[in-house]
Every structure is written in structure tokens, then in C-alpha cells.
Protein chains: 2
Amino acid sequence: MQPTGVPSQLSTTPSWLLTQTAAHASRIVSTALGTRHARGYHYRVLATLADTGPASQADLSRHSGIDRSDIVATINDLGDRDLVQRQPDPADRRRNIIHITPAGRRELTHLQHTLDAAQETLLAPLDPTERHELVRLLRRLLTHHQEPRD
Amino acid sequence: MQPTGVPSQLSTTPSWLLTQTAAHASRIVSTALGTRHARGYHYRVLATLADTGPASQADLSRHSGIDRSDIVATINDLGDRDLVQRQPDPADRRRNIIHITPAGRRELTHLQHTLDAAQETLLAPLDPTERHELVRLLRRLLTHHQEPRD
DNA sequence: CAGCCAATGTTGGCCCGACCAACGTAACAC
DNA sequence: GTGTTACGTTGGTCGGGCCAACATTGGCTG
């Protein structure tokens, strides 16, 4: 049944299917981002920043789902490339306010384009209805598992 | 729309949905396996071994999708716990023949049970039809992206 | 206003899964 | 017999996801 002979114990387990397809997705995405010398975290922070406007690192962490400590390194990287700017918040000396620069915005649209192509590669075998259904199911799982905000 | 305020640029990207839900799945699964001091590779190799019968490490690698070098370490771990046995192949002195032991078989069924519960946790928000649909879509993606055996 | 608690940024770690290069040994094809 | 291929093994790298600890700063409450 399976061309590669994957044991059915594995190939019928949803979590295995999920992590395996995610691994393929990661490879595709990271190849795409690699052409612009970026990694997942870079894109995710830039996208979050463009969505929320200037924000503290803690806010970026919350909105992007990336750990505070990883945000630090990511902002360092982006700052080194002048895609982002780090300013102390005059109103709260604990905080930095992160701004996306014009160059950052430009880079973000580049990244988005290569990522669009990557999605196409990833979802190639599915028709539009199936793609939408997949997205719907994944969103249901995701919101369910992150909602427990108690 | 999103309770956590995830930027829509992210939350509508299939690859992001996939990798995020996969991350949740991994957490759930690794917690489940952790109760029996196992990791993903351990289960996958045991399951493959039970499916194929005694096999060389190279065969295990091919059937499980785990790299040869990672198989080595995994077999070491399983061997240390007597869940598996490594014998030189008399007919081909390059190879080892890996056998699953009775204890290994018992451990495998334990792991399967905890994993069944984990799947239930993971898929809780989906009804049976949706679960089947999700599995179907993921399998399609997976076979498509691993088939290029050229 | 003094004292305590919470939030922020940062450092420095850890784990896991995936992958790769190189090597010695052994089998195989020709 | 020679070159090529397969096998097991060693020893890495990388990315993503975490966690603990700490100094600094704000805010809240008594």
C-alpha cells in the first residue's frame, strides 16, 4: 500500500502523519527562506511586526508564539541587517520598542513571495477545496490546543 | 478572529499551520512516550521492527525514514534495555540483523496504548469524519513529497 | 512611601528530530 | 582483481522549541 513500505502502524497514526508532513513543509520553507538568507524566526518576527506595528519584544513573543529568549537573538539578527530597529521605550525603561524599517518591509514582501511559491509546492497534490479543508482542520486543532489560556 | 492575536499572515499560511500543529502533536506524543522513558525514534524503530520482522539497520532506516546514523544510536538505546537484539548476519558480514525481543514487543504494545490516548487528545476537537479527512489529506501530501524516488 | 510582586530583556543552557560527511569493512559486478 | 556499491559507525551541524536564572524596572498595596 505504501510505496516506501512505511509500517501501517506509523502511516495511520495522525501524529506521525502530521510531524512527517511538517518536516517536509519545513524543508521546503527553509529552502525558500534560505534563498534570502532568512530562517523561520526571521520571517515570523517580521510578519508579526508588520501586522502589529512597533512593539516590545515581549509583545512580539506573545503574538508570534516565539519564546522571549529566542526573540532576542532574532531581533539581533534582523537588527544587524537593518531590517528592524531597537529603541528603548522612554515610557518604560524595561522595554525596547522594535520598529520594522523600510528595508525590513521590502525584505518581508520578498520573503512572502518566495513563501507563496513554497506553499504551492507543498500543496501541489491538493485541489483548492482540499487545501481549504486542510487549513480549516489544522486551525481547529491549533486553536483548540492553544486556547487553554486559564 | 484569533484569540491569541496571531498575525493573519501567519495563521493563514498552510506551512505554518502544519508546523505549529505538528509542534503541539510532538509535545503531546513526547509526553506520552516519556511516561515510558521512550522517544519518537524508539517507538518508530520498534514499530517498524514488529512490522517487518528481523531486519538490517539499513532496512530499518529505509522503512522507518530515520537516517542510518540515527538508527545506530536508537538501536544502542533499545539494546541497552533489552528491547532489541543486535546480531551479525552470518550471510553478510557487513550487516547486523536486529531482532525485537519479547520484552520489546511488550513495551511496544504499552507504547501503542499511550500513543492511542495521545491521538485522542490531539484530535479531540474533530469528529470521526474530520479525522479521517485530515488523515487522507496528510497522506496525500506525504506520498506526493516522498515519492520522487528517482 | 516602603515593600513586595510582576514584567522585561538577556544569557546560557537543553532536547529532539533531521540531516550530512567521512571512514573502514565487506560484498558484488565485471 | 579491480572498482563500485552497500553497511555500520563516528562525529558532527542546524532549526525550532523550551526553561531557569538574573538584574532592572514598574506597579500595586499595605
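Source: prediction; values computed, not measured. Heavy-atom basis, side chains included; hydrogens, waters and symmetry copies ignored. Letters A, B, ... are given to chains in the order of the sequence lines, protein chains preceding strands, and every chain is numbered from 1.
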Inset, instruction - Would you kindly say whether A:Arg131 and A:Gln119 are connected by a side-chain donor-acceptor distance under 3.5 Å? - result: no
Inset, instruction - Could you check whether B:Asp67 gets within reach of a base, just the sugar-phosphate, or nothing at all, counting any heavy atom under 4.0 Å? - result: base
Inset, instruction - Give one of base, sugar-phosphate or nothing for A:Ser26, where a contact means two heavy atoms less than 4.0 Å apart. - result: nothing
Contact under 4.0 Å: [X] side-chain N or O vs [N] OP1/OP2:
X: A:Arg93; N: C:dA7; result: no
X: A:Arg95; N: C:dA6; result: no
X: A:Arg68; N: D:dA20; result: no

Give a yes or no answer on whether the side chain of [X] reaches the backbone of [Y] with a donor-acceptor pair at less than 3.5 Å.
X: B:Thr48; Y: B:Arg44; answer: yes
X: A:Ser56; Y: A:Ile97; answer: no
X: B:Thr101; Y: B:Gly104; answer: yes
X: A:Asp67; Y: A:Ser69; answer: yes

Using whole Å, report how far [atom1] of [X] lies from [atom2] of [N].
X: B:Arg94; N: C:dC28; atom1: CZ; atom2: C1'; result: 8 Å
X: B:Tyr43; N: C:dG17; atom1: OH; atom2: C1'; result: 17 Å
X: B:Leu142; N: C:dA18; atom1: CG; atom2: P; result: 11 Å
X: A:Asn96; N: D:dT25; atom1: CG; atom2: C1'; result: 13 Å
X: B:Arg39; N: D:dG17; atom1: CZ; atom2: P; result: 20 Å
X: A:Arg44; N: D:dG17; atom1: CZ; atom2: C1'; result: 9 Å
X: B:Leu18; N: C:dG17; atom1: CG; atom2: P; result: 18 Å
X: A:Asn76; N: C:dG12; atom1: CG; atom2: P; result: 12 Å

Legend entry - Donor-acceptor pair under 3.5 Å, B:Asp70 side chain vs C:dC19 base: yes
Legend entry - Base of C:dC15 paired with side chain of B:Ser30 (donor-acceptor, under 3.5 Å): no
Inset, instruction - Hey, which sits more toward the 5' end of DNA chain C by its nearest nucleotide, A:Gln20 or A:Val72? - result: A:Val72
Legend entry - Closest to side chain of A:Ser69, choosing from D:dT9, C:dT10, D:dC7: C:dT10
